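So the structure is just underneath, and the comments pick up after that.
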There are 2 protein chains.
Amino acid sequence: MTRAPQKRRLETRARLLEMAAAIVQEQGYSGLRVEDVVARAGVAKGTLFSHFKDKDGLLAVLIGDEVLRLLDGMEAGGAPRDAAELTARLAPHLDYVGQDRVIFDLLLRYSGTTAAEPDEVITAGFLRQVALLTRWLQLLQAAGRIRRDQPPELLAEGIQAFLNHVLGVWFCMEHDDETPPARALEPYLQAWLQPAT
Amino acid sequence: MTRAPQKRRLETRARLLEMAAAIVQEQGYSGLRVEDVVARAGVAKGTLFSHFKDKDGLLAVLIGDEVLRLLDGMEAGGAPRDAAELTARLAPHLDYVGQDRVIFDLLLRYSGTTAAEPDEVITAGFLRQVALLTRWLQLLQAAGRIRRDQPPELLAEGIQAFLNHVLGVWFCMEHDDETPPARALEPYLQAWLQPAT
DNA sequence: TTGTAAAAATGACCGCGGTCAATAAAAGAG
DNA sequence: CTCTTTTATTGACCGCGGTCATTTTTACAA
């Protein structure tokens, strides 16, 4: 008979996440070292890896959490009324991911995970994002603001593709460059969703 | 007075690449360990890192080389006559990259590098691929087989985006799945290049 | 040939993510 | 309160990529 996870364990997990978040706050994602996390949380290294599969597993929770918060912001803005407004809704997400390559790499690694364990926050985030995009695209199609010759699911996945493409390029160049990801995304979405004439 | 790189050094570099390629042949890219490479090449570890910036730098040469060979194949096929034929030309590339996540990750890291040092094989490969795609798209536009309302450069970059998207998803799922990347790419390219009516 | 400065190669060493057999702490059973 | 079983934690240890002060080799001048 398997038992439910005990209270003490949950507290440890919470403390690990809390300390990790604090370090990220101070040093950024790239500055996060497992040894620092466990030191601050006052546990041994092995403990961390009994709570999270690996360092990425820990990051996935932190980042997934943030993605969910960004989604709240997106939804709060209400349904966009055209392609340009949709781009604007995506801007915060791009800004967040664009701030550190670690975020990008991790999201990319999980971005295709449509199935999988629902307790993984990051997966939940993706499912919600795709669902939200699809819903919005349906509305835009109904309003005749974007093309209607393709199913909204395909268009949504296409948007994901352009999002990642733009970010990938962003991380390859020196950032003195003045074009932020959100701005670079525009021409792609305009072309991809081009309004029905 | 700086001197040109000496013969002996070039031989060492060549031997390192040769041995690395052999190991990849046997164990795949994921199985490549720096220690094995230097052991086979009969040099110390530090030597490898004086020839290549890091492990990725070594892989970049190996993979970039392979990408160039694939490009030869693409060009040998001649210019495609419609979107479907273009997809077919890209299939070998997808098959190659899809065989190991290491290849994908590395190509993605370099994929935005449009400028940079021309002696990097992998950069050369990308420039050539983009140029080739652009040229083909121009021809297809001229022939009226694809949309003409967007510059071929934008369409080419879009294709890159879909390529990476499809591959990203591919690596996220169990590979018992029967849909290979090339097949998954089709609907995107059809939609993205949708023929002028 | 010999002296010397640049180039090339060396390998001990480090950082850091991740493992695992051993140990401690909790949770019932009697 | 014991004894036993499950759960949670520990920290020494490992693998592997990457560094750097030191040593060896090479090229060239006197």
Side-chain angles (χ1 to χ4, degrees), chain A residues 1-21 23-24 26-63 100-103 105-106 109-110 119, chain B residues 1-21 23-24 26-63 100-103 105-106 109-110 119:
Chain A
M1 168 81 181
T2 60
R3 297 180 196 167
Q6 301 306 311
K7 191 177 158 203
R8 181 178 152 83
R9 183 165 175 79
L10 291 178
E11 283 170 356
T12 303
R13 184 190 150 102
R15 203 163 61 253
L16 282 168
L17 283 172
E18 194 184 331
M19 294 302 113
I23 292 174
V24 165
E26 296 166 18
Q27 333 241 340
Y29 286 94
S30 320
L32 189 79
R33 291 183 307 131
V34 169
E35 307 214 19
D36 291 344
V37 177
V38 296
R40 284 215 201 179
V43 298
K45 208 191 273 188
T47 300
L48 189 148
F49 291 103
S50 87
H51 284 272
F52 307 96
K53 186 181 165 294
D54 49 24
K55 193 187 175 186
D56 274 3
L58 171 64
L59 281 172
V61 177
L62 292 177
I63 292 174
D100 197 322
R101 165 127 225 170
V102 173
I103 310 176
D105 285 344
L106 194 135
R109 174 151 284 122
Y110 286 78
D119 45 43
Chain B
M1 166 88 178
T2 60
R3 297 177 198 174
Q6 301 305 312
K7 192 177 156 203
R8 180 178 153 84
R9 182 163 176 81
L10 292 178
E11 284 170 357
T12 302
R13 183 190 151 101
R15 203 162 63 253
L16 282 167
L17 283 172
E18 193 184 333
M19 293 302 112
I23 293 175
V24 165
E26 295 165 18
Q27 334 242 336
Y29 286 95
S30 319
L32 189 79
R33 292 183 305 131
V34 169
E35 306 214 21
D36 290 343
V37 177
V38 296
R40 284 215 203 180
V43 298
K45 207 192 273 188
T47 301
L48 189 147
F49 290 103
S50 85
H51 283 273
F52 307 96
K53 186 180 164 295
D54 49 23
K55 193 187 175 187
D56 274 3
L58 171 64
L59 281 173
V61 176
L62 291 178
I63 292 175
D100 196 323
R101 165 126 224 171
V102 173
I103 310 176
D105 285 344
L106 193 135
R109 174 151 284 123
Y110 286 78
D119 45 44

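Fair warning: this is a prediction, and the values are worked out from it, not measured in the lab. Quick note: numbers below take in every heavy atom, side chains included, and nothing from hydrogens, waters or symmetry partners.
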Is any side-chain heavy atom of [X] less than 4.5 Å from a side-chain heavy atom of [Y]?
X: A:Arg109; Y: B:Arg101; answer: yes
X: A:Arg13; Y: A:Val61; answer: yes
X: B:Tyr29; Y: B:Leu106; answer: no
X: A:Arg9; Y: A:His51; answer: yes
X: A:Leu17; Y: A:Phe52; answer: yes
X: A:Leu59; Y: A:Ile103; answer: no
X: A:Val37; Y: A:Val43; answer: no

Could you tell me the separation between the [atom1] atom of [X] and the [atom2] atom of [N], rounded to a whole number of Å?
X: B:Asp105; N: D:dG17; atom1: CG; atom2: P; value: 15 Å
X: B:Asp36; N: D:dG15; atom1: CG; atom2: P; value: 12 Å
X: B:Leu10; N: C:dA8; atom1: CG; atom2: P; value: 9 Å
X: A:Glu11; N: D:dT7; atom1: CD; atom2: P; value: 19 Å
X: B:Asp54; N: D:dC16; atom1: CG; atom2: C1'; value: 14 Å
X: B:Phe49; N: D:dC20; atom1: CZ; atom2: C1'; value: 13 Å
X: B:Arg15; N: C:dA8; atom1: CZ; atom2: C1'; value: 13 Å
X: B:Arg13; N: C:dA7; atom1: CZ; atom2: P; value: 18 Å

Between [X] and [N], is there a side-chain N or O to OP1/OP2 distance below 4.0 Å?
X: A:Arg9; N: D:dT9; result: yes
X: B:Thr12; N: C:dA8; result: no
X: A:Arg33; N: C:dC16; result: yes
X: A:His51; N: D:dA8; result: no

Sorted by number, residues from residues 37-48 of chain B placing a heavy atom under 4.0 Å from DNA chain D are B:Lys45, B:Gly46

More 5' along DNA chain D: B:Arg8 or B:Val34, using each one's nearest nucleotide?
B:Val34

